[in-house]
Amino acid sequence: MREGNVTLAAERLGRTQSAVSHSLGKLRELFKDKLFVRDGGSMKPTPRAVELSAEISDALASIRATIDRYQLFAPDQTRRVFRVGLIDYHGAMVIPELIRHFRAEAPHATLNIIPTSKEEAGRLVLTRKLDCAIILNFDQDDQNLLLSEIGRDELMCAIWSGSPLLSQALTLERYLAATHIQISADGMSEGLADKTLREMGLHRNVAAKIPSYLVIPWVLRGTDLITHCADSILLNLDEKSEVSLLKAPIALPSMPISLLIHKQMASDPATTWLVRLIEEIYADRQRRKEAARAASPFVKRD
């Protein structure tokens, strides 16, 4: 189910492809279901397989956690493949640091970064397709998920550094009169700013919705557009970005950054090591971000 491919599954298991195919045949006979059917170039689970996966994954994780408690985990020796889910924005912010620290401590292991949305993160962690996920404003409630807050972001207005909007204070009137770009992963969801404005009985003019934070400098350059982005972007801005940040004229709630793991993996030494690595990276970024907000030339103050 994880690999979507018999050959890749065999490689992960250290078995031959024919042996895995034979085992799959026995499982199909046992459960009276095809379990996996070919769809293009991959094997897709049937509804019965999806139903079975939840309970079977929990049982296997419990066995694995029990065994791992009695084994010594050494990051510098492990060849394990770790899978971390990240939203687009946090991928741009932390991937370079995460890879650098990961390689320094676990040179023989592999780190797979999986693009993940807030809506699918919980399911991917619960089905073991991810070891953990880093998600902004995660609001799903599941007793099998463990959430820890590893940081907090503040929404700010991002404007091209040459925009006439910067010639005066950004009042609520000027903010509402401006044209906005909304960052929306699915192109449909309501933004936090829009929700706040709606509760105030107000509305902003959104000209376009884009799926990625990475293109902000190029979208804003040479325009009088406004977009909202989290203040962590400060650590990635330079003079070439031509982006200035300023406080919004509306009160926007801060956004918690959550680290998600499966409850049963909380005692797994490898998972504990990965969590510690990520928590340290975010703690350092939080300190540097607060210092940058106080001193950065890219933050405009009234």
Side-chain angles (χ1 to χ4, degrees), residues 1-2 12 45 50-75 78 80-91 93-95 97-99 101-102 105-106 109-154 185 189 192 230 232 253-287 289:
M1 186 172 292
R2 289 184 183 180
R12 287 285 300 277
V50 173
E51 177 187 359
L52 289 167
S53 69
E55 292 185 25
I56 291 176
S57 293
D58 286 346
L60 291 174
S62 180
I63 294 170
R64 186 180 299 113
T66 299
I67 293 172
D68 287 345
R69 280 198 297 271
Y70 297 96
Q71 293 184 332
L72 178 64
F73 172 75
T78 185
R80 179 167 167 170
V81 176
F82 292 88
R83 301 182 181 192
V84 178
L86 287 173
I87 59 173
D88 164 73
Y89 157 69
H90 279 278
M93 299 297 106
V94 304
I95 283 178
E97 293 179 62
L98 183 54
I99 291 176
H101 286 78
F102 185 92
E105 294 195 26
T110 301
L111 175 65
N112 287 356
I113 304 293
I114 313 296
T116 308
S117 69
K118 182 173 74 170
E119 290 71 27
E120 64 184 356
R123 175 181 59 81
L124 294 176
V125 170
L126 290 171
T127 56
R128 303 301 194 282
K129 292 186 177 180
L130 294 175
D131 292 292
C132 67
I134 302 169
I135 300 296
L136 198 65
N137 258 358
F138 189 78
D139 54 8
Q140 297 176 26
D141 185 21
D142 190 303
Q143 62 179 2
N144 291 311
L145 286 176
L146 286 183
L147 277 66
S148 58
E149 185 176 311
I150 57 176
R152 190 165 282 268
D153 278 345
E154 306 289 339
S189 300
L192 189 58
S232 285
S254 60
M255 302 176 293
I257 306 165
S258 298
L259 178 63
L260 284 62
I261 65 170
H262 197 295
K263 181 175 66 174
Q264 291 183 341
M265 301 306 289
S267 59
D268 171 45
T271 302
T272 301
W273 167 78
L274 182 62
V275 167
R276 189 267 304 165
L277 193 71
I278 293 172
E279 287 177 341
E280 289 180 354
I281 290 172
Y282 270 87
D284 178 64
R285 287 189 65 85
Q286 198 75 15
R287 288 190 294 269
K289 180 182 71 174

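Atom CG of Leu130 sits about 6.5 Å away from atom CD1 of Ile114, to the nearest 0.5 Å. Atom CD1 of Ile278 and atom CD1 of Ile134 lie 4.0 Å apart (nearest 0.5 Å). In this structure, Trp273 CH2 and Asp268 CG are separated by 11.5 Å, a value rounded to the nearest 0.5 Å. Note: Asp139 CG to Glu119 CD = 8.5 Å, rounded to the nearest 0.5 Å. Taking CG of Leu274 as the start and CG of Leu259 as the end, the distance is 7.5 Å to the nearest 0.5 Å. Rounding to the nearest 0.5 angstrom, the gap separating the CD1 atom in Ile150 from the OG atom in Ser258 is 7.5 Å.
Qualifying salt bridge (charged side-chain N to carboxylate O under 4.0 Å, His left out) partners for Glu51, counting only residues two or more places apart in sequence or in other chains: none. A search for side chain to side chain donor-acceptor pair (under 3.5 Å) contacts involving Arg276 returns Glu105, Glu280, not counting sequence neighbours. Not a single ring pair (Phe, Tyr, Trp, His ring centres under 6.0 Å) links Phe138 to another residue, sequence neighbours left out. Under the salt bridge (charged side-chain N to carboxylate O under 4.0 Å, His left out) criterion, Asp284 pairs with Arg287, Arg288, sequence neighbours left out. Applying the side chain to side chain donor-acceptor pair (under 3.5 Å) criterion to Thr110, with sequence neighbours excluded, gives no partner residue. Taking the salt bridge (charged side-chain N to carboxylate O under 4.0 Å, His left out) definition, one finds that Glu149 meets it with Arg152, sequence neighbours left out. Under the rule for a side-chain contact (heavy atoms from CB on, under 4.5 Å), the partners of Ile95 that lie at least two apart in sequence or sit in another chain are Leu86, Ile99, Ile113. Qualifying side chain to side chain donor-acceptor pair (under 3.5 Å) partners for Asn144, counting only residues two or more places apart in sequence or in other chains: none. Residues satisfying the side-chain contact (heavy atoms from CB on, under 4.5 Å) criterion with Ala266, sequence neighbours excluded, are Leu146, Ile261. In this structure, the side chain to side chain donor-acceptor pair (under 3.5 Å) partners of Arg12, at least two apart in sequence or on a different chain, are Glu3. Every residue meeting the side-chain contact (heavy atoms from CB on, under 4.5 Å) condition with Pro253, not counting sequence neighbours, appears here in chain and number order: Leu192, Thr196.
For Thr78 (side chain) and Ala74 (main-chain N/O), no donor-acceptor pair under 3.5 Å exists by modelled atom type. Side-chain atoms of Ser232 never come within 3.5 Å of backbone atoms of Ala230 as a donor-acceptor pair (strictly under, hydrogens ignored).
Contact between Thr116 and Gly85 at its shortest, heavy atoms only, is OG1-CA, 3.2 Å. Among all heavy-atom pairs drawn from Thr272 and Ser267, the shortest one is OG1-C, 4.4 Å. Between Ser254 and Pro256, the shortest heavy-atom contact is O-CD, 3.8 Å. Annotation for Pro45 and Met1: closest pair CB-CE, 3.6 Å, computed over non-hydrogen atoms.
In this structure, the side chains of Asn137 and Asp153 stay at 4.5 Å or more apart for every pair of heavy atoms.
Ring geometry, Phe102 versus Phe82: the interplanar angle exceeds 60°, so the pair is classed perpendicular (tilted spans 30 to 60°).
Sorted by first then second residue, the side chain to side chain donor-acceptor pair (under 3.5 Å) pairs that include residues 120-136, not counting sequence neighbours, are Arg80-Asp131, Arg128-His262, Arg128-Gln264.
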